Structure formats: C-alpha cells, structure tokens
Student: 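This structure is in structure tokens; I'll ask about it shortly.
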Amino acid sequence: MSELFEPKIIAFVCTYCTYAGADLAGTSRLKYAPNVRIIRLPCTGRISPMFILKALQKGADGVLVSGCHPGDCHFTHGNYHARRRWMVFRSLLDFMGIQPERVIFSWISAAEGGKFADLINTVTEDIRKLGPFDQYKELIRETEAPATL
Amino acid sequence: MTRCLFSNKLENCVTLWRSAGYSVIGPVRKDATSSYAAVEHAADFDLGMVLPDRSIKELFFPQTEPMLHYTIKQQAINTEEFTPPAGKRIIFGVRPCDASGLSIDDPLFGWDYKDEYWFQRRNESVIVTIACTKADDFCLCTSLKLAPDSTNGSDILLRPLENNNGWQVEELTERGREAFSAIAELLQEASEPTAPLAVVPEMFNLDTCVAWLQNPENFESKFWKDISMRCIGCGSCTYLCPTCHCFDIQDEGDTYSGIRRKNWDSCSFALFTMHTSGHNPRSTQSARWRQRIMHKFNYFPGKFSVNSCSGCGRCTRQCPVDMGITETLQKISTLHP
Amino acid sequence: MITQEKYRSKAKKLLAEGSVKMVIGYSPGSTPDRRRPVFIRSFDEADQLVLDSNCIANLSGYLVSEGLLSDEKHVAIFLRPDGIRSINILAAESQLNVDQIIIFGFDTNGNEVRALTGEHAGEFSEFIGSIKEHPPEKSRDPLLYQIEQMNPQERFAFWKDEFSRCIKCYACRQACPMCYCRRCIVDSNQPQWINTSSHTLGNFEWNVVRAFHLAGRCVGCGNCDRACPVNIPLRLINSRMAEEVLDSFDHFAGLNPAQEPVLASFKKDDSETFIL
Amino acid sequence: MKIVGRHDEAPGVKTMRLEFQNPADHEEFRQKYRTGMFGLYGVYGEGESTFCVASPETRTDYIECTFRQSGRVTSALANADIGDLITFRGPYGNRFPIETFHGKNLLFISGGIALPPTRSVIWSCLDQREKFGKVTIIYGARTVADLVYKHELDEWQERADVDLVLTVDPGGESPDWKNKVGFVPTVLEEAAPSPENCIAVICGPPIMIKFTLISLKKLGFDETNVYTTLENRMKCGVGKCGRCNVGSIYVCKEGPVFTAAEVSRMPAADL
C-alpha cells in the first residue's frame, strides 16, 4: 500500500475575514489539516482567476478561495464582484474538465474559527479522495519546468 | 524504364524503414487539421491533400523547444544544455515548396553561428518529396521561380504515375540513396508514364516586384499603408510559413531550477521590436507588414541570395482577413518601379 | 443584390456629402467565396463594396484601431446583428462613442441578405432584445451537448487534445473585436501569469484566460473560430460562457450601448449556491 | 559571473561590476572584447537582457554594466546582491575602430542612459590619452538626477585635457545647477566643435541621434567620421532571431557600431 496522499492546497483569503478567522482557529488551538498554504490578500475582489491558474501551474491539487460574507466586505462590495467572477470562472473550469471539487469557494468571517478549521479538514479530505491532480501534472511535466510548491 | 515505387508497396516500405532504424513521418490529417506527423502505417498517410495546413518547419524548428535546464544551489549554477533527440527519420510525401523552404533557411541558420538544433535535424532527416499533381487557388510556386517538381531541399523526388498507383523515383542526394537502398527490393523497373504536373499559374512577375522593393524611394510609399490596413497583426502567416524563422527566448521556472526555451515569434507582433524605453522601430502594422515583405524579397536575398518564400501560399490560405504575399506582390507588380 | 445596391448608394451619398470619412465593408476576396475587409474613403471607390451571404466577418474590431475615431469624425460600417452587439459592448466599455458610427446593418438567411432598419446602435436595441428572447433555432452547437455528457477527465482530455495543437499565433485574440487591450495579459511579464511557450500547458492557460476575459462579452461572431489556423473549436468555450452569464445573471452581451458589463456589476442577490 | 560591486547611478539606474568565475571564460573575454561590444546579461528563471559593456577595453579584469530597471530581467538584476551570480553571454557585435582615431580630436555626444557605451570609448581613449588630440564630451540628461556616472563626470570636469559640457533638458535643472540647460543638439550647435580632424561618437535615444546627426551635418562633420550605436531589442545575439534587423543588417552581428554614412543608407523609418 502506497503512502497516504497528502494534497497540496493553496488558499487565497481576504485579510479582514477569513485570515482573521484562521487566526482565531489558531489562537483557539483548533487542530486542522496542515495541507493548506494560505496567501493573504486585501479583499476577495483582489483575487484574480490568474492566481488560481498560477497555483495549478505550480502543482496545487486544490485551491480554496475565501472571504467575507456578503454584506461584510471591508470595501463594501468587493466580495459581490468576486462572487460573480467566481460563478463564471468555476463554470469555465468545469467546462474545461477541472473538477469543481478542486476549486472551492467559501465565506468565513473573523468569528468563524471553527468553520475555518472544519472547512480545511473537509476540503483536504475531499481532495485526498480525488487524488493528485494527475492530468494537470502531466501537462506540467511536459513543460519540463519544475512545479515547486 | 525507370525505377518506380508502387503505392501497394508503401506499407512494406514503412515497415522496412522502421526496421532500418528510421522513424517515418508524413502528411497526416488529424482532428480538424493536417500536418507532417509520425506514422506507423502507410495507411496513416494522407497523400491526397494539396498541402498540409502546417508546414514542415516545425519538425526542424519546433514551436517551442528547450535550450537548457538550470539548477541553482546556494552559490553554484549548473546548466545542462539540451540536445535534440537523435534519430534518423524519413519524411515522406513532402511538398516541393516545403522542401524548398528548408533549403532557404539553411544559410540563415548556418551563417556565422551554426545552429546545431537545426542542422542536427537536417542531417538526420531524409526528405522524400512528391511532385504536385494538384494545386489550389493559393499555390504560387511558379511565381517564385519554383515549380511543382522543384528539387530544392529534397533528397528524393517522387513523380506520381499517371494511374495514380505509384511514383517514379529520382534520387538526388547520398542521404536519399541510402534511405532508398533500404527498400531497394521494393522498387521496380517500369515504363509507366508520369501524371501531368499541377498547373500553377504565375500570379506576378517576381523581378518587377523585387525591382520595386529595392528602390529606396518606395520604402515610404503610401502603398504599404493601404495594403496593410486590414492586417490585424496576428502571427498566423508567419507561424505557418515554412521559411519564417524568428524566435523568442523565454525562461520558465524559479530561482532554484527551470528551463530556458526557444519559442516561435513573429514580426507581426507589436512587441517584437519594442525597446525598453517604449520606442518601437516598427511601430505600426504597415511597418511590420512592409518588414515581412521586404525581408522575404529584398533583405534576405540580399544577404543569402535566395528569396525567403517558397510559394506554398499558406499565408493567404489561412489569413483571417484574406491578405498574404500573393495579393501584395500582385499589386506591387502593377506599380511603377 | 438589392441590399448591396442600397448600401452602395448610401455609402456614396454619405462619402460625397462628407458626413462619414470612411465606410468599412466587404470587397471581393482572393477566391469566389472569400470576402475581404475594405476601407472606402471616397465615393468613387464605393463600387468595390459587396454584400452577400459570404460576408461573415465581424468588422467592428477595426473601429478601435488606434486613432481611427479620435478625430471625432463619423465612420460607417457594415455589421451583422452580432457586430452591432460588439459595438454596444465597446461603447459600454468606453472604447468608442457610438454616435460616431453609422451602421449598415444586415443579416443573412441562407443566400438571402436583408437590411436591418436603423442607423445608430441604440435603434437596434429592440431587435437585439428579440434575439435574446427568441434565439434562432439550432443555434446551439451539437458538440456542446457531447462535451457536457463527458465526465471531467474526458472533458480535460478533449481540451488537452484540442489545445495541444495551438501554435499561439494569437490570431484568435487579434481577430476578436473584444480583445482591444494595448498590452495583453500574456504579453505582460511582471509577473508572468501564464506561460508564453506553446506547450500544451501554456496553450491551455492561454485559452482559459482568454475565455474568461470574454465571459459576458463574447457575442459569438465566430471571428476567433474562423481565424484559428489549426481549427480549435473556440466558439464552444465562448458560447458556453455566454450561456453561463445568461443563465446566472440574465445577461445578454451587447443589448444596448448603456448596458453594464456583467463582471463589473453585481446584484446583492446573485446566486451563490456553490459557496460553502 | 559574480557581482562584486554595485551602486545606484540615478533613479532606477544601477551600475554593477562583474568578475568572471571561470578563468578560461575570462581569457576569452580579454581576447575578444573591444569597446562598443555588448553582452547578454541574464538571471536564470527571468531571462536575458542586452546592454553594452560599459567598461573600456583597456580594463578587462572585470565587466561593468549600467542599466535602467524596467522589465522582468532588469528588475531581477537590480535585485541581485553583491556576491550573487548572474550570467553573461558575449561579447557580441562589432567595435569602435579606436586605433583609426589615433592623432585625431574626439567629440563624444551622449544622452541619458546612453552614456555607458560612450563611457566605454571615452575611458578606452583616456587610458591612452597621449594618442589622441582634443577630447570634448557633451552629455545631457532629462534632469540633473538622471545624469549617470556623476563621480566620473566630476573627474572629467576637473581634468585639464578633457572638455566636458553638461546639459539637462529644460525644466530638469535643479536650483544649484551651474551647467547648461537645453537639448543636446542645441547645446552641440552652441559649442560648435570644429569638424577638422575630428571623430564624433554619438550614443543616445533614437530621437536624440536623429537630431544630433542633423546638427553635426550642419557643423560640417563628414558622415564617415561620425560613429553611433544602434542598440535594438535583441534576444539571441547571434544573428538568428530576427528582431534586431534594420534592413538586411543584423545589428547584433554587423553592429551595433555604425558610421553615420552607414546609417543613412538604412531605411530611416525603421530606426
């Protein structure tokens, strides 16, 4: 039996809500899967689909995008714009054959440390079940450039 | 009586060549396009088409290829240069224009610094050309002083037989002779007549055009603006052209390891010549189209004594706005020199 | 023929009286069934104009060529309904001023060509609205259904195969009236978001990015699809995205010159079923 | 190559001193390098960038290069520290035929970030000062801050055997600016150096070269005594990739140094 597959997941989070939520999870000593690398951004509105593609290009097995609940955006409506963008981008990825389970979107507020820990655990388990993103990694191998995450 | 290769022996040829260590490549139609690609069986060849959509250039000068790999550890940089995979290959069913395209680019890749990638592949490839019996509205080899049975760049020329059941074999080079000695047992002496060659009308008088292009006064002619007004500046004419050879060098990787690649590039792109300062020597599409024409029919021959166009017509055939070398030179040939 | 004559004489009239500086239309191409874009600047050239069912290309991209409209003079242009939608989007994105554009609208049905009523972009809004409500039958590509039937792995394999032959000539981008950026994302290298090399990954990334940038903006004119020298079915991706914005946000690109771009606007009650 | 020194010249402009790591490469460079040649400086993962070797042919223990940080490669170079390794390919291209300048007066005209190639020639000549006649340097930049090699400018200003004229574009002067204000061609015409037995070397942005050539003509300079460098965008450096073409000339092979006579035969609009 081969070793348990440990997925590499990149999380793009907004600094005001989800990052603070992650902080809360940490200070509350909640345990969650160590597979996620968090990248903090000012707002979900700043999270360009380019980021998601770049994460995949560098060998991520899954990408998590998370920010403030609707109505809570520090910049009033950054997350509303992001929501539309994700809707379209998600269906584009789906149409291209990238399972929607690999690119996950969520709202997590600064108070939701527990939700953050749970979500990370669920997402990690889901992607573990899906297995490594071999089809994409095959493309990366062809380029002969390294995928270093 | 001449030596002939009959179509029904082609499968045996492919088998023999493959067992003699050649990989066999030929015109293949796959999905919605056609190109020169590796085959395992003669049945995979599509020898009926006028010309594959993609030119033979990519077998010698791929659209992207590694130049070197690098790894960086602390204070040491290690690089490993890429060498193209070695291996003899036979490219069967090449069109004379594509073969000529290769010989046109030889001096460019060979002057001063010798491009090993190009020449290694050239030396390991046997070009088996089939003379054309079919042409379409876009073919213009005759206008370039070439012909449907030109031998430039070919190692073997095959002339189709009248009954469309085989070809007369004309060995042109030692490399070709060697490749065909592997299938000597399959060749037969026969006296069947060859099929008439394709009729390719001459679209313009090349000498008139060249004279016009060489006149420095015409460099700033209004003609260039008018002709290129509808050019949208995509690179498809240059990318499908068997002789266009511009490239770009790009790094992919990070601070620890990665690869340096050589990619096709095109003089049609605005960024091709853009300086760091923002100054662009060829800042308009008309300047870029002028460069392409001038380069092919004035500058390149000035340097290497051969026009950088083999008359395949791909530039016009696939142009999204129906431009191309034919139209431009046709119009030039009607202007006063 | 009647439509062609009608527009020829209209072009002559407008050019002669100086109310437009140029007419962008079609002229005969290098083969009988090809048409090439032509720029008519004086009335005696107007007889070069042809109009028939072979006039397919969406010419609206020429309107945003550098400097063409900056003198505030008027330009007339032959446009199909999708071309009119394109200039509506360009106007909505502040790329041009529709008042400067005289539309020679036409549509084809088989070999038949008919003129569309109207001259300015705004006058076609109702007509375009009717296309939204009643899309022409059989307009959905059968391949779309096939792709939707596939599982993700098969879909990925399908696109990988298609994109593996992309040569990154950027004909899709250059032919597209919506791709007017002075510097395309793929030409920006600080940071280099997507690979410029034409290996399958680079091709995949390029096509995904372009499709995303066209989501909610593509009118399905097919310029990219026809321009692709290696015949990648780009229309499928773009029309899938158009369906997505229509289903999710009831957005039909290019309804009128004042329409808000779909990804630059939002509603508080947009669907978010996919968000955890 | 190892970076052994680096300092800021002007906003965004840096000079780096590089030393060879491999003695064989160094020897080859010593043999080949003549002033006017250029190299491709690179950082793996980012790419290569072309600029001249700013150090003179009389000082080949090291290479100095000066560049403006603007793109992907130059940013990576600018971020490199002393002790870091970068790559160098070259020297490529042709040279200024300095030995034919012996016994003649020299006029150097330069603008902005184009002083580095001129400086290579200037030092090559000043290091064997006795072989040349009068040396005049006219150097202009957009603003006082944009002048590069400020310490060397001071040195030249103090030398009795060098005539240095500094200028900045109108509006670019600082309150304590004591030198000239005006565009290089104008300042050149004011200075009116004699074309008699004089070689002129011009480096600058294309627009400056264009107008300076006109001014030189006015002053009576013969086109064959005027040298300039055309530094086009380059990638391969070996006459293949096609982007440095001006007419049938591959600037990377047959240039970058040309006489004004040669330049006048090139299709002007492509410069």
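The chains referred to below are lettered A, B, ... by the order of the sequence lines, with proteins before strands, and numbering in each begins at 1. No experiment lies behind these values; they were computed from the predicted model shown.
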Student: What residue in B:Gln330, B:Lys262, B:Glu327 has the most heavy-atom pairs under 4.5 Å with chain C?
Tutor: B:Glu327

Student: Are C:Ile167 and B:Leu240 close enough that some pair of their side-chain heavy atoms sits under 4.5 Å apart?
Tutor: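 Yes - at least one pair of side-chain heavy atoms lies under 4.5 Å apart.
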
Student: May I have the step-by-step check of side-chain hydrogen bond (donor to acceptor under 3.5 Å, both in side chains) for B:Asp322 and C:Ser30, ending in yes or no?
Tutor: CA-CA 7 Å; B:Asp322 196 39; C:Ser30 50; 2.7 Å; yes

Student: If you count heavy-atom pairs under 4.5 Å between each of C:Ala171, C:Gly29, C:Ser65, C:Pro37 and chain B, which one has the most?
Tutor: C:Pro37

Student: At a heavy-atom separation under 4.5 Å, does C:Cys166 approach chain B through its side chain, its backbone, both, or neither?
Tutor: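 Backbone of C:Cys166 only, per the 4.5 Å heavy-atom cut-off to chain B.
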
Student: I want to check something: taking the side chain as every heavy atom from C-beta on, are B:Glu252 and C:Gln192 in contact at a cut-off of under 4.5 Å?
Tutor: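 B:Glu252 vs C:Gln192: side chains apart.
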
Student: Is the closest side-chain heavy-atom distance between C:Arg183 and B:Leu271 below 4.5 Å?
Tutor: yes

Student: Just give me the residue among B:Gln318, B:Arg317, B:Gln285, B:Gln63 that pairs up with chain C most often, heavy atom to heavy atom, under 4.5 Å.
Tutor: B:Gln63

Student: Is there side-chain contact between B:Phe269 and C:Asp187, with at least one heavy-atom pair below 4.5 Å?
Tutor: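 Not touching, per the 4.5 Å side-chain cut-off.
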
Student: To the closest 0.5 Å, what do you measure between CH2 (B:Trp264) and OG (C:Ser198)?
Tutor: 8.0 Å

Student: Is the count of non-hydrogen atoms from other residues, nucleotides or ligands lying under 6.0 Å from B:Lys225 atom NZ greater than 12?
Tutor: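 No, because the 6.0 Å sphere around NZ of B:Lys225 holds 12 heavy atoms or fewer from other groups.
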
Student: Just so I understand: if I count every heavy-atom pair under 4.5 Å between each of C:Val38, C:Asn189, C:Asn195, C:Ile24 and chain B, which residue has the most?
Tutor: C:Asn195

Student: Is the number of heavy atoms from other residues, nucleotides or ligands under 6.0 Å of C:Glu66 CD greater than 12?
Tutor: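 Atom CD in C:Glu66 is not crowded, with 12 or fewer foreign heavy atoms closer than 6.0 Å.
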
Student: Below 4.5 Å, heavy atoms only, C-beta onward: do C:Val230 and B:Arg54 meet side chain to side chain?
Tutor: yes

Student: Which residue out of B:Gln250, B:Met323, B:Glu65, B:Glu58 racks up the most heavy-atom pairs below 4.5 Å with chain C?
Tutor: B:Gln250

Student: Closer than 4.0 angstrom, basic N to acidic O: yes or no for B:Lys30 and C:Asp161?
Tutor: yes

Student: Report yes if some heavy atom in the side chain of C:Phe39 is under 4.5 Å from a heavy atom in the side chain of B:Asp226; otherwise report no.
Tutor: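 Heavy-atom side-chain distance check fails, nothing below 4.5 Å.
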
Student: Crowded around C:Glu148 CD? As in, over 12 foreign heavy atoms under 6.0 Å?
Tutor: yes

Student: So how far is it from C:Lys168 NZ to B:Ser266 OG, rounded to the nearest 0.5 Å?
Tutor: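 Reported value, rounded in 0.5 Å steps: 14.5 Å.
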
Student: side-chain hydrogen bond (donor to acceptor under 3.5 Å, both in side chains) between C:Ser197 and B:Asn263: does it pass, once the steps are laid out?
Tutor: CA-CA 6 Å; C:Ser197 299; B:Asn263 297 332; 3.0 Å; yes

Student: Just give me the residue among B:Thr238, B:Thr316, B:Asp53 that pairs up with chain C most often, heavy atom to heavy atom, under 4.5 Å.
Tutor: B:Thr316

Student: Heavy-atom distance under 4.5 Å to chain B: side chain of C:Tyr170, backbone, both or neither?
Tutor: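 For C:Tyr170, heavy atoms of backbone and side chain both lie under 4.5 Å from chain B.
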
Student: Does atom CG of C:Asp33 have more than 12 heavy-atom neighbours from other groups under 6.0 Å away?
Tutor: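 Enclosed: over 12 neighbouring heavy atoms sit under 6.0 Å from CG of C:Asp33.
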
Student: Do you know which of C:Arg35, C:Arg165, C:Arg173 has the most heavy-atom pairs under 4.5 Å to chain B?
Tutor: C:Arg165

Student: Counting only non-hydrogen atoms closer than 4.5 Å, does C:Arg41 touch chain B with its backbone (N, CA, C, O), its side chain (CB onward), both, or neither?
Tutor: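 It is the side chain, since no backbone atom gets that close.
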
Student: Using heavy-atom distances under 4.5 Å, tell me whether C:Arg34 contacts chain B through its side chain, its backbone, both, or neither.
Tutor: side chain

Student: When rounded to the nearest 0.5 angstrom, what is the spacing between CD1 in C:Ile232 and OG1 in B:Thr33?
Tutor: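 Separation between the atoms: 8.5 Å.
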
Student: Within a radius of less than 6.0 Å around CZ of B:Phe223, do more than 12 heavy atoms belonging to other residues, nucleotides or ligands occur?
Tutor: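 Atom CZ in B:Phe223 is packed in, count exceeds 12.
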
Student: Are B:Arg230 and C:Arg36 side-chain neighbours, meaning at least one heavy-atom pair lies under 4.5 Å?
Tutor: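 A side-chain contact exists here, since the closest heavy-atom pair is under 4.5 Å.
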
Student: Less than 4.5 Å to any heavy atom of chain B: does that hold for the side chain of C:Ala57, its backbone, both, or neither?
Tutor: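 For C:Ala57, neither part sits under 4.5 Å from chain B.
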
Student: Above 12 or not: heavy atoms from other molecules or residues under 6.0 Å from CD of C:Glu154?
Tutor: yes

